[in-house]
Amino acid sequence: MIRFLVAIVQAIAQMIASSFTAAIAFLDWLSGRLGGGGAGVPASPIPNLEMALPDGDRIERAKELQKSENAAVDMLAKHVLTPAQQVQTFAQMPIEDRGLADISKLTGTQVDWLYGLHEEQLRIVAEASERRVSDALAGKPKSLMATLSVGEEPYKEPTFLAHRIAAKRAATIEAAPIITYEAVRI
């Protein structure tokens, strides 16, 4: 009961303190508005304004440099990425942005394979090496863990009775003997 009363008194004290803090902040703001305070001193005039302004030729050179940098980035993006790198970039993208991915170097079957992968398989593709992804795109079997390669057929069981044979073998395995206290008592 005493703790409850102490908690109520503390809450009331905090409420009073916060209202005092708000009142002081309001008075500071009001005095600044009414007193004209808070305004900075005007900047000193620049003695030689022509020297302070940028040169027109420098601005043109900067624009040309920016254009050439943009052209270089575009060239790298279009010509250097291998199909495996495009697939890995696609796999690393968020779901919303995958429609914007550049997969122009992939064939139709490779695109179908890529769109058929689920999130876990895409994570495996993103974490795999470029060589393994390239092998998967080329159709090499078992190049990526838990992911079929392009054109690879799913594994079929060797016989239609394989599940029955496995169940029969499991039923004939003898269980380990149960060790009880009576068996180990000396």
Side-chain angles (χ1 to χ4, degrees), residues 14 18 49-186:
Q14 286 177 352
S18 66
L49 187 58
E50 290 180 5
M51 292 297 290
L53 294 176
D55 186 24
D57 291 334
R58 255 179 61 199
I59 292 173
E60 291 300 320
R61 280 183 284 166
K63 285 181 182 177
E64 290 174 10
L65 180 65
Q66 184 64 38
K67 285 180 185 177
S68 64
E69 285 178 1
N70 290 345
V73 168
D74 289 342
M75 183 196 69
L76 286 174
K78 289 180 182 175
H79 299 294
V80 175
L81 285 181
T82 64
Q85 289 172 336
Q86 286 183 347
V87 168
Q88 285 183 317
T89 303
F90 178 87
Q92 292 170 355
M93 289 179 142
I95 295 173
E96 304 84 35
D97 297 338
R98 287 187 185 148
L100 304 173
D102 178 27
I103 52 174
S104 59
K105 292 191 176 182
L106 301 180
T107 64
T109 56
Q110 291 171 338
V111 170
D112 292 340
W113 170 79
L114 183 61
Y115 285 145
L117 299 177
H118 57 76
E119 287 302 314
E120 283 299 314
Q121 290 172 326
L122 286 172
R123 186 180 57 79
I124 290 170
V125 168
E127 293 173 357
S129 68
E130 184 179 344
R131 183 189 59 82
R132 287 192 172 273
V133 176
S134 179
D135 288 346
L137 287 173
K140 184 177 178 185
K142 297 182 178 138
S143 56
L144 291 173
M145 184 187 319
T147 306
L148 295 174
S149 297
V150 174
E152 185 179 359
E153 293 296 321
Y155 177 73
K156 303 259 193 265
E157 290 186 7
T159 176
F160 67 95
L161 298 175
H163 65 283
R164 289 183 151 188
I165 294 171
K168 174 77 171 160
R169 287 181 183 156
T172 60
I173 296 175
E174 292 185 19
I178 299 175
I179 300 175
T180 61
Y181 176 72
E182 294 295 324
V184 294
R185 189 174 64 174
I186 299 176

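What's counted below: heavy atoms across the whole structure, side chains too, no hydrogens, waters or symmetry copies. Residue indices begin at 1 and follow the sequence shown.
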Check: With T82, which residues qualify under side chain to side chain donor-acceptor pair (under 3.5 Å), at least two apart?
Finding: E130

Margin query: Listing request: all side-chain hydrogen bond (donor to acceptor under 3.5 Å, both in side chains) pairs with a residue in residues 135-148, at least two apart in sequence or in separate chains.
Written below: R131-D135, S143-S149

Check: How would you list all residue pairs meeting ring pair (Phe, Tyr, Trp, His ring centres under 6.0 Å) that involve residues 109-129, not counting sequence neighbours?
Finding: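 Ring pair (Phe, Tyr, Trp, His ring centres under 6.0 Å) check on residues 109-129 returns F90-Y115.
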
Check: Applying salt bridge (Lys or Arg N to Asp or Glu O under 4.0 Å), which residue pairs with at least one partner in residues 82-101 are found, sequence neighbours left out?
Finding: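 Listed by first then second residue: R98-E119.
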
Check: Can you name the residues that form a salt bridge (Lys or Arg N to Asp or Glu O under 4.0 Å) with E120, not counting sequence neighbours?
Finding: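 With sequence neighbours excluded, E120 shows a salt bridge (Lys or Arg N to Asp or Glu O under 4.0 Å) to R123, given in chain and number order.
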
Item checked: Residue list, salt bridge (Lys or Arg N to Asp or Glu O under 4.0 Å) with E152, at least two apart or on another chain -> none

How close do [X] and [Y] get, heavy atom to heavy atom, and via which atoms?
X: L122; Y: A91; result: O-CB, 3.3 Å
X: V150; Y: Q110; result: CG2-CG, 4.1 Å
X: V133; Y: V125; result: CG2-O, 3.7 Å

Item checked: Minimum side-chain heavy-atom gap L65-S68 below 4.5 Å -> yes

Check: Can you find a pair of side-chain heavy atoms, one from R58 and one from R61, that are under 4.5 Å apart?
Finding: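 Touching, per the 4.5 Å side-chain cut-off.
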
Check: To the nearest 0.5 Å, what is the distance between CG (L114) and OG1 (T107)?
Finding: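 The CG atom of L114 sits 10.5 Å away from the OG1 atom of T107.
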
Check: How far does CG of L100 sit from CE of M93, to the nearest 0.5 angstrom?
Finding: 6.5 Å

Notebook entry, point to check: Where the side chain of Q86 meets the backbone of K105, is there a donor-acceptor pair that is under 3.5 Å apart?
Noted result: yes

